[in-house]
Number of protein chains: 2
Amino acid sequence: MAQVPQQIKVAVDAVVFGYENQQLFVLLIKQRYGQLKDRWALPGGFVLNKETLKSAVNRELKEETGVSTSYLEQLYTFGDDVERDPRAHVVSVSYFGLVRPSSMRLRPTGDAKDAKWFKLSHKPDLAFDHNKIVQIAHQRLQAKLHYRPIGFQLLKSTFPFSDLENLYSTILGHDIDRRNFRKRMLTLGIVEETDKKVSIGRGRPANLFKFNKSNYTRLEKSGTILNLYLA
Amino acid sequence: MAQVPQQIKVAVDAVVFGYENQQLFVLLIKQRYGQLKDRWALPGGFVLNKETLKSAVNRELKEETGVSTSYLEQLYTFGDDVERDPRAHVVSVSYFGLVRPSSMRLRPTGDAKDAKWFKLSHKPDLAFDHNKIVQIAHQRLQAKLHYRPIGFQLLKSTFPFSDLENLYSTILGHDIDRRNFRKRMLTLGIVEETDKKVSIGRGRPANLFKFNKSNYTRLEKSGTILNLYLA
DNA sequence: GCCATATTGTGTCAATATTACGCAATATAC
DNA sequence: GTATATTGCGTAATATTGACACAATATGGC
């Protein structure tokens, strides 16, 4: 048993991605206090006593940015070089989330002087070890897109197929074959057609599609592993 | 910033798997102290100040069981229902490790009254939320076997091909085609033949093979994702 | 010593999955 | 009404996966 009282503090951080207009965004806050005042960083903070980790993330996100995510999962726990408070060792549990930026109004309060969506490709240099965390989250997002239907969290509930295609090619960073992609999604049955159409500018109007959740759940239960790798 | 001093304690736990003789084992300790005295549990304990998480796991494993793993990665961080110490909220960072049981002598000391390898299929009911953690670790092991060469950590540096086959079919819980499996491993180039042979009991003597690490590293860098799913 | 037995080592073919690719349909912009 | 942009589909070539059987080589038992 520990003889010396433990001085370690537990914090949470969230890497929240948004997507819009063929651009991937990450949600950042500007620090109001501390040595790293005015530096951009991930939303997050210390966990309260008797609070679960996940509710701590949700609370901090709400407080610092006004956002609540539509998807949130644990990413990794960093317990090494984090030195938030010079007097104490900090263990920080990071989370990875998704939300549609346009569905949320940003309201920075508390520790956050500002909150903003940055294009991932143009994000500022971050405080602490947050650059590394963002990078890991980005890799996780890319990997997971291939075998979990998390991309739908970044679109409206119905969408033209081209939106889904663009989301995938933007996040994965390479073109995908439109026809094969559509075939895969429809054959697997995770995307289904609605009877609505939209016409945006020129071109043939697009049918609107939606994520078929019940079908996906069935697949998942049957042990099927999605394979959405496409050339 | 937190007004009330944080009372949360940080612990680590390790799920260490071993393999021998077509059996998968998990390393457990019997608690010496506490309310749950004499219950079997995962090795682990509180993190010391200024200690990294990984070194805390290694230290606890060494102290409680005498084992040092040949593979260790972070698994998941539990921050909810763990109530190790009734006065404090505990966040426990779990790790997942591999080692050959026969390469280690078990030496329980400190918090552990005993340390033992249990067949995973016959493990006792564990203290805390450790049953759940073992289950998650097992799933991770099964999943990761398909796309990372971690199985080799459970075999000697050279081995007959049948050992590798048995390891896979044991851990995955289903038969695999001997010929297709061998073809895949050799074609990918992650396993190579040595010039040694062994003869064990009857039957044609087996060539000894070894993991081709440099080849695997090259594959990994080139972005190739192993696919070892086999019917 | 010889034969029964057990285990290793290898190749082919069919079924399935992936990839590449082009053209017709339908709307808007001018 | 014509040019243009975008959606919606189908097919052939190729690559991968999966099923399957028999020869080779040792030991164990008599």
Side-chain angles (χ1 to χ4, degrees), chain A residues 21-22 145-147 155-156 158-170 172 174-210 212 219 222-231, chain B residues 21-22 145-147 155-156 158-170 172-210 219 222-231:
Chain A
N21 250 89
Q22 317 208 32
L145 218 47
H146 289 302
Y147 60 96
L155 297 175
K156 288 194 233 176
T158 67
F159 48 85
F161 226 107
S162 53
D163 276 12
L164 191 60
E165 292 153 24
N166 287 331
L167 178 112
Y168 267 76
S169 60
T170 300
L172 297 180
H174 63 78
D175 285 354
I176 53 184
D177 186 282
R178 201 161 54 84
R179 292 155 288 188
N180 294 335
F181 181 73
R182 169 190 276 250
K183 230 180 306 174
R184 178 76 55 94
M185 290 289 184
L186 292 174
T187 306
L188 286 170
I190 50 183
V191 171
E192 73 182 325
E193 205 167 341
T194 71
D195 54 3
K196 283 177 245 162
K197 284 178 193 265
V198 276
S199 191
I200 303 160
R202 286 199 241 196
R204 177 173 176 170
N207 287 328
L208 290 180
F209 294 81
K210 65 173 182 177
N212 188 328
L219 281 175
S222 78
T224 309
I225 288 129
L226 300 189
N227 178 10
L228 305 174
Y229 277 89
L230 290 171
Chain B
N21 250 88
Q22 316 208 32
L145 218 48
H146 290 301
Y147 60 94
L155 297 176
K156 286 194 235 178
T158 67
F159 48 84
F161 226 106
S162 53
D163 277 12
L164 191 61
E165 292 155 24
N166 288 330
L167 178 105
Y168 268 76
S169 61
T170 299
L172 298 180
H174 63 77
D175 285 353
I176 53 184
D177 186 281
R178 201 159 55 84
R179 292 156 289 189
N180 293 335
F181 180 73
R182 169 191 276 251
K183 229 182 302 175
R184 178 75 57 92
M185 289 290 183
L186 292 175
T187 306
L188 286 170
I190 52 183
V191 171
E192 72 182 326
E193 205 168 340
T194 70
D195 53 4
K196 282 177 246 163
K197 285 178 191 264
V198 275
S199 191
I200 303 160
R202 286 200 242 196
R204 179 173 173 169
N207 288 327
L208 290 180
F209 293 82
K210 63 174 184 176
L219 280 174
S222 80
T224 309
I225 286 128
L226 300 189
N227 177 9
L228 304 174
Y229 278 89
L230 291 171

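Below, each value reflects all heavy atoms present in this structure, side chains not excepted, and no hydrogens, waters or symmetry copies. Just so it is clear: chains get the letters A, B, ... in the order the sequence lines come, proteins before strands, and each one is counted from 1.
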Any donor-acceptor pair under 3.5 Å between the side chain of B:Arg182 and the base of C:dG9? no

Send over the distance from [X] [atom1] to [N] [atom2], rounded to a whole Å.
X: A:His146; N: C:dT18; atom1: NE2; atom2: P; value: 14 Å
X: A:Tyr229; N: C:dT18; atom1: OH; atom2: P; value: 13 Å
X: B:Phe181; N: D:dT17; atom1: CZ; atom2: P; value: 14 Å
X: B:Asn227; N: C:dT18; atom1: CG; atom2: P; value: 10 Å
X: B:Leu228; N: D:dG18; atom1: CG; atom2: C1'; value: 15 Å
X: A:Phe161; N: C:dT26; atom1: CZ; atom2: P; value: 20 Å
X: A:Leu208; N: D:dT7; atom1: CG; atom2: C1'; value: 12 Å
X: B:Arg184; N: D:dA19; atom1: CZ; atom2: P; value: 12 Å

Interatomic distance, CZ@B:Phe161 vs CZ@B:Arg178, rounded to 0.5 Å, equals 11.0 Å

Going from NZ on B:Lys183 to CG on B:Leu230, what distance comes out if it is rounded to the nearest 0.5 angstrom? 10.0 Å

Start with the C-alpha distance between B:Glu193 and B:Leu208, add both sets of side-chain angles, then the distance that settles side-chain contact (heavy atoms from CB on, under 4.5 Å), and finish with yes or no. CA-CA 6 Å; B:Glu193 205 168 340; B:Leu208 290 180; over 6 Å; no

Any side-chain heavy atom of A:Leu228 within less than 4.5 Å of one from A:Leu188? yes

A:Met185 side chain reached by A:Ile190 side chain, heavy atoms, under 4.5 Å: yes

Per-nt protein contacts along nucleotides 24-30 of chain D (heavy atom under 4.0 Å; B base, S backbone sugar-phosphate only, - none) come out as BBBBS--

Taking only residues two or more places apart in sequence, or in another chain, which ones meet A:Lys196 in a side chain to side chain donor-acceptor pair (under 3.5 Å)? none

Near DNA chain D, under 4.0 Å by heavy atom, which residues of residues 187-196 of chain A? none

Got a sec? Which of residues 162-169 of chain B come in under 4.0 Å of DNA chain D, heavy atoms? none

Taking distance alone, no hydrogens or angles, what donor-acceptor pairs closer than 3.5 Å link side-chain atoms of residues 163-170 of chain A to residues at least two apart or in another chain?
| residue | atom | partner | partner atom | Å |
| --- | --- | --- | --- | --- |
| A:Asn166 | ND2 | A:Ser162 | O | 3.1 |
| A:Tyr168 | OH | A:Leu145 | O | 3.1 |
| A:Ser169 | OG | A:Glu165 | O | 3.3 |
| A:Ser169 | OG | A:Asn166 | O | 3.3 |
| A:Thr170 | OG1 | A:Asn166 | O | 2.7 |

The criterion is side chain to side chain contact (heavy atoms under 4.5 Å, CB included); which residues satisfy it with [X], sequence neighbours excluded?
X: A:Ser199; answer: A:Pro205
X: B:Lys197; answer: B:Asn207
X: A:Lys156; answer: A:Arg100
X: A:Tyr147; answer: A:Lys144

Protein and nucleotides 10-12 of chain D: nitrogen or oxygen contacts under 3.5 angstrom:
| residue | atom | partner | partner atom | Å |
| --- | --- | --- | --- | --- |
| D:dT11 | O4 | A:Lys183 | NZ | 2.9 |

Indicate whether OP1 or OP2 belonging to C:dT8 is found under 4.0 Å from a side-chain N or O atom of B:Asn207. no

Could you walk me through whether A:Asn212 and A:Val191 satisfy the side-chain contact (heavy atoms from CB on, under 4.5 Å) test, starting with their C-alpha distance in whole Å, then the side-chain angles of each, then the deciding distance to 0.1 Å, before giving a yes or no? CA-CA 5 Å; A:Asn212 188 328; A:Val191 171; over 6 Å; no

Applying a 4.0 Å non-hydrogen cut-off, can you work out what B:Arg178 is touching in the nucleic acid: base, sugar-phosphate, or nothing? base

Those residues at least two apart in sequence (or on a different chain) that pass salt bridge (Lys or Arg N to Asp or Glu O under 4.0 Å) with B:Asp177 are B:Arg179

Sorted by first residue and then second, give each side chain to side chain donor-acceptor pair (under 3.5 Å) pair with at least one member in residues 222-231 of chain B; sequence neighbours left out. B:Ser222-B:Thr224

